[in-house]
Chemist: 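Submitted below is the structure of interest, expressed as structure tokens.
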Amino acid sequence: MMTPNKRLILEERSKYCPRCGKGPLIEDSMRGELLCSNCGYIIKENEISTRPEWRAFTKEEREEKSRVGMPSSLAIHDRGLATKLGANRRDASGRRLKPSERRRIKRMDMWDRRSQMQVPLHRNLLQALTELDRIADKLNIGDDLVEKAAYIYRKALKKDLVKGRSISSMITASIYATCRESSTPRTLKDVAKASGIKRKDLARSYRLILRELDLKMPVVDSVKYISKISSKSGISEKTARRAISILQKAKDSHISTGKNPQGLTAAALYIACTLEGETATQKAIAAAAGVTEVTIRNRCKSLQRLVS
DNA sequence: TAAGATAAGAGGGACAT
DNA sequence: ATGTCAGTCTTATCTTA
């Protein structure tokens, strides 16, 4: 009972990162985040702790939450709390609320007000999150990533990063950042296309977010792109595996750092094709990977030295 | 027709001024 | 703050097998 709330949180969690499986997890008390010291992954549930007091309630809250209908979602512009405590004291399905639930909602409401979300900001968020849904749908990314993107956007908004820039470009950048963070293979190009933002602008906004929010991204693993590219250009499983081993070698010899991962992957696939006697044109692979043939050739030059 | 070569230009990071 | 530099990637065009 004497345990401070902070420690309570930490003890409830696994000591290992859910993504990379390593750790240890450390707490960034400045931002109230729990993150992996190995890969920088921010453990999602702790996002809520930008409003630290909530953490005190976790245990009971969690049980209560499940009884009170819609979960509070970061991807809803007001976290789903728009409906203030109504006069009739009933929830959405008409049930009477228990006094304890009423108190809780009132408290959440209070924090909502205190969170200095002024009306223009609300409007901004609403617009951004509408856009977020639309783009996320096109990109086929899951709800958890949508939540994460919404979280990043909120942070950007709080830091006034959106001021002077378009909402679309910033929410798009948030989405891209989310993909990178979770190692979901979506390229700048993919995301730009889905949103209608120019690649250049997206890249700029993304870098801004990265810098200002101090986000650390895992190094993108070119192997992740193998299946995407090989299936698009109809390359066999066997050849794809060969390409993976080539990429592995490339990684070990450090020629892959600083190179466009799609280009590298495309080149590895091309070389694998020639080694396996499979016919595939540079053109086809380049198209599938979203890079030019020239890039493939350039990567091939350094990769071929490894293979031979 | 596929692949290689070459050249020009865009955009950004690093570093110095 | 601004400019330069090295390096990457893209587009375009020409040549080669």
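Per chain, numbering begins at 1; letters A, B, ... match sequence-line order. Just the heavy atoms: all of them, side chains too, but no hydrogens, waters or symmetry mates, feed the values below.
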Chemist: In whole Å, I'd like the distance from the CG atom of A:N260 to the C1' atom of B:dA10.
Modeler: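 Distance check: A:N260 CG to B:dA10 C1' gives 15 Å.
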Chemist: Can you tabulate the close N/O pairs, meaning under 3.5 Å, that link protein atoms to atoms of nucleotides 3-5 of chain C?
Modeler:
none

Chemist: Check the distance between C:dT10's P and A:K200's NZ and give it to me in whole angstrom.
Modeler: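 After rounding, the gap between these two atoms is 16 Å.
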Chemist: Do A:Y225 and A:V220 come within less than 4.5 Å of each other through their side chains, counting heavy atoms only?
Modeler: yes
Chemist: Which residues satisfy the side-chain hydrogen bond (donor to acceptor under 3.5 Å, both in side chains) test with A:K251, sequence neighbours excluded?
Modeler: A:D221
Chemist: Under a 4.0 Å threshold between the charged nitrogen and the carboxylate oxygen, would A:K158 count as salt-bridged to A:D160?
Modeler: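 Here A:D160 does not pair with A:K158 in a salt bridge, since their nearest N and O are not under 4.0 Å apart.
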Chemist: So, using side-chain contact (heavy atoms from CB on, under 4.5 Å) as the criterion, who are the partners of A:S302 when residues are at least two apart?
Modeler: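 For A:S302, the residues satisfying side-chain contact (heavy atoms from CB on, under 4.5 Å) (neighbours in sequence not counted) are A:I255, A:R299, A:R305.
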Chemist: Check this for me: A:E212, atom CD, are more than 12 non-hydrogen atoms of other residues, nucleotides or ligands nearer than 6.0 Å?
Modeler: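 Yes, CD of A:E212 has more than 12 neighbouring heavy atoms, counting only those of other groups under 6.0 Å.
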Chemist: Rounded to the nearest angstrom, tell me the gap between atom CZ in A:R207 and atom P in B:dG13.
Modeler: 4 Å
Chemist: At a cut-off of 3.5 Å, list every protein nitrogen or oxygen paired with a nitrogen or oxygen from nucleotides 3-5 of chain B, distance to 0.1 Å.
Modeler:
{"residue": "B:dA3", "atom": "OP1", "partner": "A:Y270", "partner atom": "OH", "Å": "3.4"}
{"residue": "B:dA3", "atom": "OP2", "partner": "A:Q282", "partner atom": "N", "Å": "2.9"}
{"residue": "B:dG4", "atom": "OP2", "partner": "A:Q282", "partner atom": "NE2", "Å": "2.5"}
{"residue": "B:dG4", "atom": "N7", "partner": "A:R297", "partner atom": "NH1", "Å": "3.4"}

Chemist: Are OP1 or OP2 of C:dT8 and a side-chain N or O of A:K259 less than 4.0 angstrom apart?
Modeler: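 Checking C:dT8 against A:K259, a side-chain N or O does come within under 4.0 Å of OP1 or OP2.
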Chemist: Take the protein atom CZ of A:R211 and the nucleotide atom P of B:dG12, then report the distance between them rounded to whole Å.
Modeler: 11 Å
Chemist: Separation of A:I285 atom CD1 from B:dA2 atom P, in whole Å?
Modeler: 13 Å
Chemist: Under 4.0 Å between a side-chain nitrogen and a carboxylate oxygen: does that hold for A:D137 and A:R134?
Modeler: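 Looking at A:R134 together with A:D137, the answer is no, because their closest N to O distance does not fall below 4.0 Å.
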Chemist: Both A:N298 and A:A203 contact DNA chain B. Taking the nearest nucleotide for each, which residue is further toward the 5' end?
Modeler: A:N298
Chemist: For a quick check of understanding: with a heavy-atom distance under 4.0 Å over all strands, which category does A:R199 fall into, base, sugar-phosphate or nothing?
Modeler: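 The residue A:R199 makes no contact with any strand.
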Chemist: Is the shortest heavy-atom distance from the side chain of A:R123 to the side chain of A:Q127 under 4.5 Å?
Modeler: no
Chemist: Among pairs that include at least one residue of residues 162-198 of chain A, which meet ring pair (Phe, Tyr, Trp, His ring centres under 6.0 Å), considering only residues two or more places apart or in two chains?
Modeler: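 Residue pairs with at least one partner in residues 162-198 of chain A: A:Y176-A:Y206.
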Chemist: Just jot down the side-chain hydrogen bond (donor to acceptor under 3.5 Å, both in side chains) partners of A:K228, sequence neighbours excluded, or say none.
Modeler: A:D190
Chemist: In whole angstrom, what separates A:L264's CG from C:dT8's P?
Modeler: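 In whole Å, C:dT8 P lies 12 Å from A:L264 CG.
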